[in-house]
Number of protein chains: 2
Amino acid sequence: MSNAKVLPLLEPDDVAACCPPLNERPMSAEEAEVAARMFKALGDPVRLRLFSAVASHEGGEACVCDISDVGVSQPTVSHHLKKLKEAGLLSSERRGTWVYYRVEPSVVAAMGALLAGATTTA
Amino acid sequence: MSNAKVLPLLEPDDVAACCPPLNERPMSAEEAEVAARMFKALGDPVRLRLFSAVASHEGGEACVCDISDVGVSQPTVSHHLKKLKEAGLLSSERRGTWVYYRVEPSVVAAMGALLAGATTTA
């Protein structure tokens, strides 16, 4: 399930600083490494559904206990939420028994801005 | 290099129709399948750099002949551009010897809109 290569956690600031709109100039190798990790994290249907479940949950946050209808086991849900966190897309906070996940607005906004740039020709 | 499972080409209309903003409601399995393919296509650093090279090239289009500075061979560039096309992110047109690639604005806008939704809490 896990990759042999362990990548450092992406912090929201790293990602918000990276990257220019896609049509501004060709991305550098370093910028592409950071941004590709975020896109890759959303490039799995189950993970994307979980991300959407957190984003659309009441109050904009959810714990594993709130998410049970995507057809995978609770450990698998936890695994995917951890991957989304490692990519900087979710933040988490432990409260009592459960870890609550929340969408990182700055990171998702940075991804959106990156794409928004690509829709107008240079 | 290629997956055993061959997926149909995504057409711009399929993608623009899919999907709701991520924070509106949890995505269905079908919506997530379509959207995850687009994100996965951008989830590779080389492919992301090529996408950015096309998007930022003069006139918003480029052929393999225009892209030579990402450190991979021309056949590899062609391979990745084909993958981006299969995901619906690029369209292509043959003119003479070369195939010219162009960003599909409706598709990229749909991806941007999907993410834009996730930045405001429900």
Side-chain angles (χ1 to χ4, degrees), chain A residues 19-61 67 69-71 87 89 102-122, chain B residues 19-61 67 69-71 87 89 102-122:
Chain A
C19 306
L22 280 167
N23 72 334
E24 200 173 286
R25 58 170 171 76
M27 273 185 151
S28 72
E30 292 72 26
E31 290 166 341
E33 281 288 341
V34 175
R37 278 181 66 191
M38 301 186 289
F39 285 119
K40 192 176 178 184
L42 296 181
D44 175 277
V46 171
R47 216 141 55 212
L48 191 54
R49 287 185 75 191
L50 291 172
F51 186 70
S52 149
V54 171
S56 64
H57 200 262
E58 206 182 326
E61 66 171 15
I67 303 170
D69 53 357
V70 296
L89 293 167
R102 174 178 286 280
V103 169
E104 266 301 330
S106 62
V107 176
V108 180
M111 290 176 76
L114 212 139
L115 291 170
T119 60
T120 49
T121 52
Chain B
C19 306
L22 280 167
N23 72 334
E24 202 174 285
R25 57 169 172 75
M27 272 184 153
S28 71
E30 293 72 26
E31 290 166 343
E33 281 289 341
V34 174
R37 278 181 66 191
M38 301 186 290
F39 285 119
K40 192 175 178 183
L42 296 181
D44 175 276
V46 172
R47 215 143 53 214
L48 191 55
R49 287 186 75 192
L50 291 172
F51 187 70
S52 150
V54 171
S56 64
H57 199 261
E58 206 184 324
E61 64 172 16
I67 304 170
D69 52 356
V70 295
L89 294 168
R102 174 177 285 281
V103 170
E104 266 300 331
S106 62
V107 176
V108 180
M111 289 176 77
L114 212 139
L115 291 171
T119 59
T120 50
T121 52

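Source: prediction; values computed, not measured. In what follows, chains carry the letters A, B, and so on, assigned in the order in which the sequence lines appear, proteins first and then strands, with residues in each chain numbered from 1.
- Separating the NZ atom in A/Lys40 from the CG atom in B/Leu48 is a distance of 13.0 Å, to the nearest 0.5 Å.
- Separating the CZ atom in B/Phe39 from the CZ atom in A/Arg47 is a distance of 12.5 Å, to the nearest 0.5 Å.
- Between A/Asn23 and B/Ala55, the shortest heavy-atom contact is CB-O, 3.3 Å.
- Here the CD atom belonging to A/Glu24 is positioned 9.5 Å from the OG atom belonging to B/Ser52, to the nearest 0.5 angstrom.
- Summarising the geometry of A/Pro45 relative to B/Ala32, their closest heavy-atom pair is O-CB, 3.5 Å, with the distance given to 0.1 Å.
- Separation of atoms CG (A/Asp44) and CD (B/Glu33) is listed at 9.0 Å; rounding is to 0.5 Å.
- With rounding to the nearest 0.5 angstrom, the CZ atom of A/Arg49 is 9.0 Å from the CD atom of B/Glu31.
- In terms of non-hydrogen atom pairs under 4.5 Å with chain B, the most contact-rich of A/Ala53, A/Gly71, A/Ala29, A/Ala41 is A/Ala29.
- To the nearest 0.5 Å, the span separating CG on A/Leu114 from CG on B/Leu115 amounts to 10.0 Å.
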